[in-house]
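The structure appears below as structure tokens.
Letters A, B, ... are given to chains in the order of the sequence lines, protein chains preceding strands, and every chain is numbered from 1. This structure is a prediction, so every number in the text was calculated from the model and none was measured.
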2 protein chains.
Amino acid sequence: MKKSVLNVAKLEAAASKLRAIGHPMRIAIIDMLNDEPQMNVTKIYKGLGIEQASASHHLNILKTKGVLISKRDGKKILYSIKNAALSEIIDCINRCSDY
Amino acid sequence: MKKSVLNVAKLEAAASKLRAIGHPMRIAIIDMLNDEPQMNVTKIYKGLGIEQASASHHLNILKTKGVLISKRDGKKILYSIKNAALSEIIDCINRCSDY
DNA sequence: TTAATACATGCATATATTTGAATATACTAT
DNA sequence: ATAGTATATTCAAATATATGCATGTATTAA
């Protein structure tokens with residue numbers, strides 16, 4: 001099992017997912033979805049007090065990077081966390097606040 | 001214990017740490033330090049095949065954000081991971097590669 | 001089919017991050 | 001003091017990311 005030469009694609013994939021979560025509003029979205037596992041866009045952007053378009057952009061990033069999934073429910077789109085491990089990361093990071 | 005209103009400072013702190021790790025070369029650095037817990041800058045930048053200045057920048061980011069610590073050893077500066085939990089995050093992210 | 005609601009997308013601008021070349025600083029040995 | 005080694009810093013250019021406005025699309029109800 002070699003590991004010495006660095007696999008840039010794999011590193012970029014991991015980095016990309018970390019950057020997806022690495023934004024205050026996106027962490028806030030994940031937090032909200034931790035409390036309430038399925039939320040629509042309106043509830044999210046009003047809950048955060050941001051523009052609808054801004055929430056939509058953030059949600060798209062989180063979905064594209066595999067953090068969230070979405071499904072339509074009538075007029076609404078319900079978002080939820082794809083992999084529970086990802087919300088543990090937030091906890092982990094917070095636990096590391098050691099200065 | 002209130003949690004409804006979002007604590008932007010705390011969110012930004014967590015996001016900032018995630019972004020610190022969210023770069024291919026910086027993940028590679030953490031990986032290297034997982035194998036060999038103390039490394040100097042020269043060994044790191046040659047191992048990664050990047051510029052010395054680039055490595056220095058990345059190391060500074062990781063140090064500033066509390067991911068790494070450094071100590072001088074003669075002419076060299078030895079870097080190491082500050083909190084082991086942070087390297088678990090990488091594993092965690094990689095485990096989430098589920099497409 | 002029209003109107004209203006719920007989201008998404010395109011675009012422009014603003015801001016942040018990355019990179020490398022050049023240069024500066026710190027330490028060691030002579 | 002000087003030279004060599006190891007690392008940091010500064011700066012500019014390139015690239016990436018964020019934000020908001022305007023507009024587009026999908027769904028429902030009348």
Side-chain angles (χ1 to χ4, degrees), chain A residues 6 8-9 11-30 32-33 36 38-80 82, chain B residues 6 8-9 11-30 32-33 36 38-81:
Chain A
L6 65 191
V8 180
L11 290 172
E12 176 51 56
S16 155
K17 206 165 231 171
L18 281 164
R19 283 199 308 277
I21 313 174
H23 185 288
M25 284 305 160
R26 296 200 287 266
I27 292 181
I29 288 171
I30 293 171
M32 288 177 93
L33 288 171
E36 188 177 342
Q38 281 205 329
M39 295 185 80
N40 65 36
V41 181
T42 301
K43 196 162 188 183
I44 290 169
Y45 86 77
K46 291 193 174 169
L48 295 175
I50 59 179
E51 292 282 323
Q52 178 267 317
S54 180
S56 217
H57 281 138
H58 287 310
L59 288 167
N60 182 54
I61 288 167
L62 289 169
K63 187 181 170 184
T64 302
K65 300 298 177 58
V67 180
L68 301 184
I69 54 175
S70 67
K71 71 170 192 182
R72 181 172 283 279
D73 172 31
K75 283 192 249 192
K76 304 178 176 179
I77 306 281
L78 297 178
Y79 281 87
S80 47
K82 183 173 182 181
Chain B
L6 64 193
V8 180
L11 291 172
E12 176 51 55
S16 156
K17 206 164 229 172
L18 281 164
R19 283 199 309 278
I21 313 173
H23 185 287
M25 285 305 159
R26 295 199 289 263
I27 292 181
I29 289 171
I30 294 170
M32 289 177 93
L33 287 170
E36 188 177 342
Q38 280 204 329
M39 295 185 80
N40 65 35
V41 181
T42 301
K43 196 162 187 183
I44 290 170
Y45 88 76
K46 290 193 173 168
L48 296 175
I50 61 178
E51 293 284 324
Q52 178 266 317
S54 181
S56 216
H57 280 138
H58 287 310
L59 289 166
N60 182 54
I61 287 166
L62 288 170
K63 187 180 169 186
T64 302
K65 299 298 176 60
V67 178
L68 301 184
I69 54 175
S70 68
K71 71 168 190 185
R72 180 173 284 277
D73 172 30
K75 284 192 246 192
K76 304 177 177 179
I77 305 282
L78 298 178
Y79 281 87
S80 49
I81 295 174

Show the atom names and distances, to 0.1 Å, of all donor-acceptor pairs under 3.5 Å that link a side chain in residues 47-55 of chain B to residues at least two apart or in another chain.
none

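- If you check every strand for non-hydrogen atoms under 4.0 Å, B:Thr42 touches sugar and phosphate atoms only.
- Scored by the side-chain hydrogen bond (donor to acceptor under 3.5 Å, both in side chains) test, A:Lys75 finds no partners at all (sequence neighbours excluded).
- Atom-to-atom, CG of A:Leu78 to C1' of D:dT27 comes out at 14 Å; the value is rounded to the nearest Å.
- The salt bridge (charged side-chain N to carboxylate O under 4.0 Å, His left out) search around A:Lys43 returns A:Glu36, not counting sequence neighbours.
- Regarding contacts with the backbone of D:dT19, every side-chain N or O of A:Tyr45 stays at 4.0 angstrom or more from both OP1 and OP2.
- In this structure the side chain of A:Arg26 reaches within 4.5 angstrom of the side chain of A:Ile61, judged on heavy atoms.
- Nearest nucleotide to the side chain of A:Ser56, out of C:dA6, D:dT7, C:dT9: C:dT9.
- Within the 4.5 Å cutoff, no side-chain heavy atoms of A:Asp73 are placed close to those of A:Asn40.
- Look at CG on A:Asn40: it is 10 Å from P on C:dA8, rounded to the nearest Å.
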5' to 3', nucleotides 10-20 of chain C under a 4.0 Å protein heavy-atom cut-off (B base, S sugar-phosphate only, - none) gives B------SSBB
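- Note on the helix from C:dT1-D:dA30 to C:dT30-D:dA1: terminal axis deviation equals 20°, with five pairs used at each end and the result rounded to 10°.
- What separates NZ of B:Lys63 from P of D:dT7 is a distance of 13 Å, to the nearest Å.
- Between B:Ile27 and B:Ile21 there is a side-chain heavy-atom pair separated by less than 4.5 Å.
- Rounding to whole angstrom units, OH of residue B:Tyr79 and C1' of D:dT7 are separated by 8 Å.
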Which nucleotides of nucleotides 24-30 of chain C have their base under 4.0 Å from a protein heavy atom (B), which only their sugar-phosphate (S), and which neither (-), written as one string 5' to 3'?
--SBS--
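- Distance CD1 (A:Ile77) to P (C:dA6): 12 Å, rounded to an integer number of Å.
- One interatomic measurement links the two molecules: CD of A:Gln52 to P of C:dA8, which rounds to 7 Å at whole-angstrom precision.
- Straight-line distance from the NZ atom of B:Lys76 to the P atom of D:dA8: 14 Å, rounded to whole Å.
- When side chains are defined from C-beta on, A:Gln38 does not count as touching A:Tyr79, because their heavy atoms never get closer than 4.5 Å.
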